[in-house]
Amino acid sequence: MYNRRKFIKNATLTGAGITLFSNPIFSFASIKKEKINISIIGVGARGKLHLEQMLKRNDVNVIAIADPDANSIATAQEVMAKYGKSPVKAYGNGPNDYKRLLNRKDIDAVIIASPWEWHIPQAIYAMQNKIAVGLEVSGALHLQDCWDIVNTYEKTKTPVMILENVCYRRDIMAVLNMVRKGLFEDVLHVEGGYQHDLRAELFNTADKCCSGVNFGPTAKGSAKWRTEYYVKENEDNYPTHGLGPVAMMIDINRGNRLTKLSSIATPAKGFNRYVAKNPLGGPNSPNAKLKFKQGDIVTTQIQTHNGQTIVLTLSTSSPRPYNLGFKVQGTNGIWQEFSAGQFDKGLIYFEDKSPAESWENPTKYMEEYDHPLWKKYANEAVGSGHGGMDFFVDNAFVECVKRNIDFPLDVYDLATWYAITPISRTSIAQGGTLQDIPDFTKGAWKTRKNTFAINDDY
């Protein structure tokens, strides 16, 4: 079980656990680069947020962007101008033009924020070209994708960081601090998920930009490509927001690992109802009758080597306010959140601190155990995407590239968290049968140390 004594032991070994990249471009063992050259592949909604974060910094040069969508390129150039920058070199000649960008020799790192199907091939191509990668989140299309990116890292030693920003949410980092300081004592069970009503986004009705309630090539934004996954697959298609934060709390891939999972799904009814009832659609709209394969709610149970259990919930096609559903249960207490991460929105109870059998508002604990990173950088994070989380994940990425040190969320985390999608797909198809989760570290999890957010540095 995770306990305070184990964390203290790990923390004292952290200095020995951090290693230098063996990538040739990171060859300055004792030199911190003052400025790095970064490119961005995919400058749609998510990529533009990363672009803004990079343009706010004085230690980053954004030197190139790639996106096959001319409108996205144009909007990104407008963002450049907003920050007083000249137009940047753009690669927009079809979906494979990103390769010309990655063939350049003046790029230190690339942020990849393209549609899901491009994540692994683009990351691997960058790694083969000795360019450090920050990869946006999703789930893997195939389990082999996870092995491919791990094997590429082990061959090229070019690092990749999964840009899971929810790991940096302020309330979650405060709870992580409580876990490490032993308030929960032994952690037994954790929960998280992606519970976010995406219906308007996935059918282009959020800003009434298009006629009808549509998705596909003629749509805008993620409706152009993301909704199609709901037609084709039944799986937990977005596992990392729920899994990543709790994985850090129980040392997954660092003294602990995921071993097995079982997933089940409800019928798919939400999208049909949404289209039928929407004034832009109606009951006779083709998409009101379309058969969607993706269940409205997917529940995944996960076992760990050290005995903890994890429950992940995917719910994106039903009416609901935003809430990721985090919970931490320990032998001495429990925390569960609701709403969107505000300090006062949740419930907490510690047997040795709280009134007997009475929930407390978590605010006083959140304030007392506010993570040092947030205490230090809260002002810098103001105005950043996702309530400031984007600042922290991008800052960690940049600082690690500059310092030539390992990413706190690395290729093994990426592979493990991405793998939930194809494995859950298999489990659902087989009626919820138990499935093995591979050990992508090949046994190294037994001695790897948890360096995620151990101080106020990055």
For side-chain contact (heavy atoms from CB on, under 4.5 Å), just list the numbers for I297 and T299, CA-CA rounded to whole Å, side-chain angles, deciding distance to a tenth of an Å, and then say yes or no. CA-CA 7 Å; I297 300 171; T299 304; 4.3 Å; yes
Worked verdict on M249 versus V187 for side-chain contact (heavy atoms from CB on, under 4.5 Å): CA-CA 9 Å; M249 295 180 188; V187 174; 5.9 Å; no
When you check the gap from the basic side-chain N to the acidic O, do K82 and E52 get nearer than 4.0 Å? yes
Side chain to side chain contact (heavy atoms under 4.5 Å, CB included) partners of E201, counting only residues at least two apart: L198, S222, R226
Taking 4.0 angstrom as the limit, do K442 and E154 come out as a salt bridge? yes
Ring-plane angle category for F203 and F271, please: parallel below 30°, perpendicular beyond 60°, tilted otherwise. perpendicular
So, taking the atom named CD1 in I120 and the one named CD1 in I149, what distance separates them when rounded to the nearest 0.5 Å? 4.0 Å
Distance-only, no hydrogens or angles: does the N204 side chain make a donor-acceptor pair with backbone N or O of A219 under 3.5 Å? no
Quick test of your reading of the model: are E399 and R57 salt-bridged, counting only N-O distances below 4.0 Å? yes
Check D410 with R448, please: is the shortest side-chain N to carboxylate O separation under 4.0 Å? yes
Please assess Q53 against N395 for the test side-chain hydrogen bond (donor to acceptor under 3.5 Å, both in side chains), listing each intermediate value before the final yes or no. CA-CA 9 Å; Q53 285 302 303; N395 185 59; over 6 Å; no
Flag for H50-D394: side-chain donor and acceptor within less than 3.5 Å: yes
How about I38 and V110: do any of their side-chain heavy atoms sit closer than 4.5 Å? no
On the ring face of Y229, is K232 found with NZ or CZ under 6.0 Å from the centre and within 45° of the axis? yes
Is the shortest side-chain heavy-atom distance between S339 and P321 below 4.5 Å? no
Please step through side-chain contact (heavy atoms from CB on, under 4.5 Å) for the pair L261 and Q301, ending with a clear verdict. CA-CA 5 Å; L261 70 70; Q301 299 180 87; over 6 Å; no
Derivation and outcome, ring-ring contact (aromatic ring centres under 6.0 Å, His included), residues Y98 and Y91: CA-CA 6 Å; Y98 73 88; Y91 296 81; over 10 Å; no
Least distance between heavy atoms, V137 atom then W116 atom: O-NE1, 4.0 Å
Student check: side-chain heavy atoms of M161 and V393 closer than 4.5 Å: yes
Do any N or O atoms from the side chain of T441 and from the backbone of W445 form a donor-acceptor pair under 3.5 angstrom? yes
One should read off an interatomic distance between M127 CE and N129 CG, to the nearest 0.5 angstrom, of 11.5 Å
Once rounded to the nearest 0.5 Å, what's the spacing between atom CZ of R199 and atom CG of D197? 4.0 Å
Distance, nearest 0.5 Å, that separates CE of M248 from CD of E164: 10.0 Å
Is H142 reaching over with its side chain to a backbone N or O of Q144, donor-acceptor style, under 3.5 angstrom? no
Which of parallel (below 30°), tilted (30 to 60°) and perpendicular (above 60°) describes F215 and F292? tilted
F397 and F392: ring-ring contact (aromatic ring centres under 6.0 Å, His included), yes or no, with the steps? CA-CA 9 Å; F397 177 67; F392 289 95; over 10 Å; no
Side chains of H371 and R170 in contact at under 4.5 Å (non-hydrogen atoms): no
Working note: Y125 + N103, criterion side-chain hydrogen bond (donor to acceptor under 3.5 Å, both in side chains); need CA distance, chi angles, decisive distance, verdict. CA-CA 9 Å; Y125 195 85; N103 286 335; 2.9 Å; yes
Is there a donor-acceptor pair under 3.5 Å between the side chain of H196 and the backbone N or O of S317? no
Side-chain donor-acceptor pair under 3.5 Å between N165 and D390, yes or no? yes
Donor-acceptor contact present, side-chain K130 to main-chain T156, <3.5 Å: yes
With a 4.5 Å limit on heavy-atom distance, are the side chains of V166 and I172 in contact? yes
E191 versus H189, side-chain donor and acceptor atoms under 3.5 Å: yes
Quick one: does any side-chain atom of W374 pair with a main-chain N or O of Y168 as donor and acceptor, under 3.5 Å? yes
Could you tell me whether Y238 and Y194 have their ring centroids closer than 6.0 angstrom? yes
Between R257 and T304, is there a side-chain heavy-atom distance shorter than 4.5 Å? no
K449/D251 salt bridge by N-O under 4.0 Å criterion: no
Would you mind checking if K364 and E360 are paired as a salt bridge, meaning a charged N to carboxylate O distance below 4.0 Å? yes
Using side-chain contact (heavy atoms from CB on, under 4.5 Å), reason through T158 and V160 one step at a time and then give a plain yes or no. CA-CA 7 Å; T158 307; V160 56; over 6 Å; no
Roughly how far, to the nearest 0.5 Å, is the CD1 atom of I107 from the CG atom of N61? 12.0 Å
Do K345 and D171 meet the salt-bridge criterion of a basic N to acidic O distance under 4.0 Å? no
Quick one: does D97's side chain have a donor or acceptor within less than 3.5 Å of a partner on G92's backbone? yes
Can you confirm whether P362 sits close enough to V175 that some side-chain heavy atom of one is under 4.5 Å from a side-chain heavy atom of the other? no
Is there a donor-acceptor pair under 3.5 Å between the side chain of D108 and the backbone N or O of I36? no
Do the charged groups of R254 and D413 touch, with an N to O distance under 4.0 Å? yes
Gap separating the CD1 atom of I41 from the CD1 atom of I112, nearest 0.5 angstrom: 4.5 Å
Ignoring hydrogens and angles, tell me if any N or O in the side chain of N306 forms a donor-acceptor pair with the backbone of G255 under 3.5 Å. yes
Quick one: do the T205 and Y274 side chains pair a donor with an acceptor below 3.5 Å? yes
From CA spacing to verdict: side-chain hydrogen bond (donor to acceptor under 3.5 Å, both in side chains), T152, Q128: CA-CA 7 Å; T152 301; Q128 290 170 339; 5.0 Å; no
Could you tell me whether the side chains of S263 and S424 share a donor-acceptor contact shorter than 3.5 Å? no
Decide, yes or no, whether a salt bridge links K89 with D106 under the criterion of side-chain N to carboxylate O below 4.0 Å. no
Checking R169 against E337 for the salt bridge (Lys or Arg N to Asp or Glu O under 4.0 Å) test, could you report, in this order, the C-alpha distance in whole Å, the side-chain angles of both residues, the deciding distance, and whether it holds? CA-CA 12 Å; R169 204 172 85 178; E337 60 93 21; 3.3 Å; yes
Indicate yes or no: does K375 engage D456 in a salt bridge with an N to O separation below 4.0 Å. no
Are the side chain of Q342 and the backbone N or O of A340 linked by a donor-acceptor pair below 3.5 Å? yes
Close side-chain approach of M80 and I65, heavy atoms under 4.5 Å: no
